[in-house]
Number of protein chains: 2
Amino acid sequence: MRLEQIPPPAIYRLSFYLRQLEDFKRVSRQTISSKQLGQALGYTDAQVRKDFAYFGQFGHPGIGYRVDELVGQLKKILGTDKIWKVLLVGAGNLGRALVAYKGFAAKGFELAAVFDSDPSKQGLAFGGQKVRPISELPDAVRHEQVKLGMMAVPAEAAQSVADELVAAGIKGILNFAPTSLVVPEGVSVQGVDLAVQLEQLSFRMSLSSNDSE
Amino acid sequence: MRLEQIPPPAIYRLSFYLRQLEDFKRVSRQTISSKQLGQALGYTDAQVRKDFAYFGQFGHPGIGYRVDELVGQLKKILGTDKIWKVLLVGAGNLGRALVAYKGFAAKGFELAAVFDSDPSKQGLAFGGQKVRPISELPDAVRHEQVKLGMMAVPAEAAQSVADELVAAGIKGILNFAPTSLVVPEGVSVQGVDLAVQLEQLSFRMSLSSNDSE
DNA sequence: GGATGTGAATGCATTCACAGCA
DNA sequence: TGCTGTGAATGCATTCACATCC
């Protein structure tokens with residue numbers, strides 16, 4: 001099947017399968033069925049099988065999936081069998097938390113450089129990196145061969161920072177600023193808006209308080 | 001139309017419409033068409049109209065939507081026309097960043113209490129709040145009438161913290177721990193896994209590097 | 001003319017159900 | 001028997017296209 005016509009939700013679920021499988025691996029589970037894996041994540045067994053089937057045949061009829069094997073396959077599909085260098089723009093509170101976050105390194109993401117436009121922050125040590133001015137961005141991207149960038153900057157600055165990332169050659173942006181970015185074809189943006197997440201919960205709270213039927 | 005049968009993706013988009021409209025409001029735009037709003041977010045005009053139509057008739061034929069009016073309607077639908085008290089469990093790096101994050105307050109979320117199981121953190125001031133031991137959770141939830149909780153704790157601790165939140169009466173959980181939670185009917189969980197977001201970008205990077213057709 | 005709101009048509013994603021293999 | 005992989009069937013979500021209103 002052509003990669004381009006795989007349902008985006010399936011690709012998203014892949015990450016959760018992988019996460020769950022690593023948990024199973026940690027407790028030394030050798031093999032798992034689509035039913036068990038689905039149950040742990042709230043999906044049906046058919047969903048699980050179909051999702052994997054988009055990418056190949058990873059299971060063993062009568063047995064299930066070998067955890068270790070499947071973890072390897074999923075990493076390969078998701079690209080996390082390789083190390084990815086990532087840079088960060090924005091050395092504020094959130095930036096600090098991102099740099100300290102263990103989960104990125106655990107998946108093989110490596111912090112290559114940190115930037116901030118505020119001169120008072122420049123030069124400070126930050127997760128083993130010195131905070132550098134944005135002007136050094138293009139050099140760093142080329143020199144370090146970085147493809148991915150995280151933006152933890154205020155909404156007002158976000159579009160212009162994104163433009164600079166794109167100009168420097170960055171191909172994927174993880175955007176924590178609460179604004180939508182315009183980027184050219186060939187550049188991917190993944191947005192994470194913390195307030196939107198809470199807002200969605202607020203919606204569900206409002207629902208359950210007026211369910212009067 | 002019954003709320004239960006509105007497409008979940010539509011509800012999710014509502015948050016982005018609202019965000020975009022607040023931007024338009026900030027630059028004093030009075031009125032906007034479904035086409036213009038969609039363009040700013042990468043949706044079709046039909047999508048925009050249908051999404052709003054699930055909830056009522058907010059537009060004016062020939063004119064479009066009055067920005068101010070629509071902002072008010074969306075807030076009401078999403079529940080952010082009211083103040084929501086939120087508590088936080090986990091006073092680590094990420095917790096610190098969440099407390100400092102302005103975006104929550106801007107949407108009317110109010111930090112009611114902060115908890116951490118680590119005694120060395122307890123008592124410290126944290127976003128205008130003293131960090132308290134988890135044992136005080138039930139009291140705080142009842143006393144302060146809190147419905148929402150954010151969890152910024154390690155994956156290993158996440159399920160047991162979630163259990164305590166549920167036991168204390170919390171109805172919505174924003175989970176930053178990289179693990180899936182089991183909660184009873186009537187409790188909502190919204191997960192935010194930062195590493196998963198980067199992983200999804202990694203996938204798209206891998207795609208574009210082998211597009212050889 | 002310029003826009004919304006909406007049934008009907010299309011296109012996607014999920015689930016069913018079963019053949020086939022260990 | 002227990003489980004996968006997969007075409008066929010179903011069920012959702014999006015888009016079309018047009019009646020309707022300012």
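The sequence lines fix the lettering, A, B, ..., with proteins before strands; numbering per chain opens at 1. Remember, it's a predicted structure, so these values are computed and weren't measured experimentally.
Computed from coordinates, the A:Ile6 CD1 to D:dT6 P distance equals 13 Å when rounded to whole Å. In this structure, A:Asp51 places its CG atom 13 Å from P of D:dT4, rounding to the nearest Å. At whole-Å resolution of the value, NZ in A:Lys35 and P in D:dG2 are 11 Å apart. One atom, CG of A:Asp45, and another, C1' of D:dT6, lie 13 Å apart when rounded to the nearest Å. The CZ-P distance, from A:Phe52 to D:dG5, rounds to 9 Å in whole Å. Here the P atom of nucleotide D:dC3 and the CD atom of A:Glu69 are 17 Å apart, to the nearest Å. Straight-line distance from the CD atom of B:Gln36 to the C1' atom of C:dT4: 14 Å, rounded to whole Å. Between B:Ile11 atom CD1 and D:dT14 atom P there is a gap of 11 Å when expressed in whole angstrom units.
Side-chain contact between B:Leu137 and B:Leu87 is present, with at least one heavy-atom pair separated by less than 4.5 Å. Taking the side chain as every heavy atom from C-beta outward, A:Lys75 and A:Lys107 never approach each other to under 4.5 Å.
Looking at the side chain of B:Lys50, the nearest of the listed nucleotides D:dG5, C:dG7, C:dT14 is C:dG7. Here the nucleotide nearest the side chain of A:Tyr65, chosen from D:dG5, C:dA8, C:dG20, is D:dG5. With C:dG5, C:dT14, C:dC16 as the candidates, the nucleotide lying closest to the side chain of A:Tyr54 is C:dT14. The listed nucleotides are C:dT14, D:dC21, C:dG20; the one nearest the side chain of A:Arg13 is C:dT14. Comparing D:dG5, D:dT15, C:dG20 by their closest approach to the side chain of A:Ala53 singles out D:dG5. Nearest nucleotide to the B:Ser34 side chain, out of D:dC3, C:dT15, C:dT4: C:dT4. Looking at the side chain of A:Ala46, the nearest of the listed nucleotides D:dC21, D:dT14, C:dC16 is C:dC16. If you check C:dC21, D:dA13, C:dA13 against the side chain of A:Pro61, the one that comes closest is C:dC21.
Projected onto DNA chain D by closest heavy-atom contact, A:Ile63 and B:Pro9 fall at different nucleotides, the more 5' of which corresponds to A:Ile63.
Within 4.0 Å of B:Gly59, counting heavy atoms only, lie sugar-phosphate atoms of the nucleic acid but no base atom. Within the 4.0 angstrom heavy-atom criterion, only backbone atoms of the sugar-phosphate kind lie near A:Phe58; the bases stay farther away.
Without hydrogens or angle criteria, A:Gln159 side chain to A:Val182 main chain gives a donor-acceptor distance under 3.5 Å. Looking at B:Ser206, its side chain does come within 3.5 Å of a backbone N or O of B:Ser202 through a donor-acceptor pair.
Judged by distance alone, the side chains of B:Gln190 and A:Gln200 never bring a donor and an acceptor atom under 3.5 Å apart. Of the N and O atoms on the side chains of A:Tyr17 and A:Asp51, at least one donor lies less than 3.5 Å from an acceptor on the other residue.
Contact check, B:Arg66 against C:dA3: no side-chain N or O comes under 4.0 Å of OP1 or OP2. For A:Gln47, a side-chain nitrogen or oxygen approaches OP1 or OP2 of C:dT14 to under 4.0 Å. For B:Arg49, a side-chain nitrogen or oxygen approaches OP1 or OP2 of C:dT4 to under 4.0 Å. In this structure, B:Gln57 reaches the C:dT6 phosphate: one of its side-chain N or O atoms is under 4.0 Å from OP1 or OP2. For C:dA3, neither phosphate oxygen OP1 nor OP2 lies less than 4.0 angstrom from any side-chain nitrogen or oxygen of B:Ser33.
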Handout entry: Candidate pair B:Phe16 and B:Tyr43, rule ring pair (Phe, Tyr, Trp, His ring centres under 6.0 Å), full reasoning
Key = CA-CA 11 Å; B:Phe16 294 94; B:Tyr43 311 143; 7.6 Å; no
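Residue A:Lys85 qualifies as enclosed at atom NZ: its count of foreign heavy atoms under 6.0 Å is above 12.
Summary for the helix from C:dG1-D:dC22 to C:dA22-D:dT1: the axes at its two ends, each from 5 pairs, differ by 10° when rounded to the nearest 10 degrees.
Because its NZ or CZ atom is not both nearer than 6.0 Å to the ring centre of A:Phe126 and within 45° of the ring axis, A:Arg96 does not count as a cation-pi partner of that residue.
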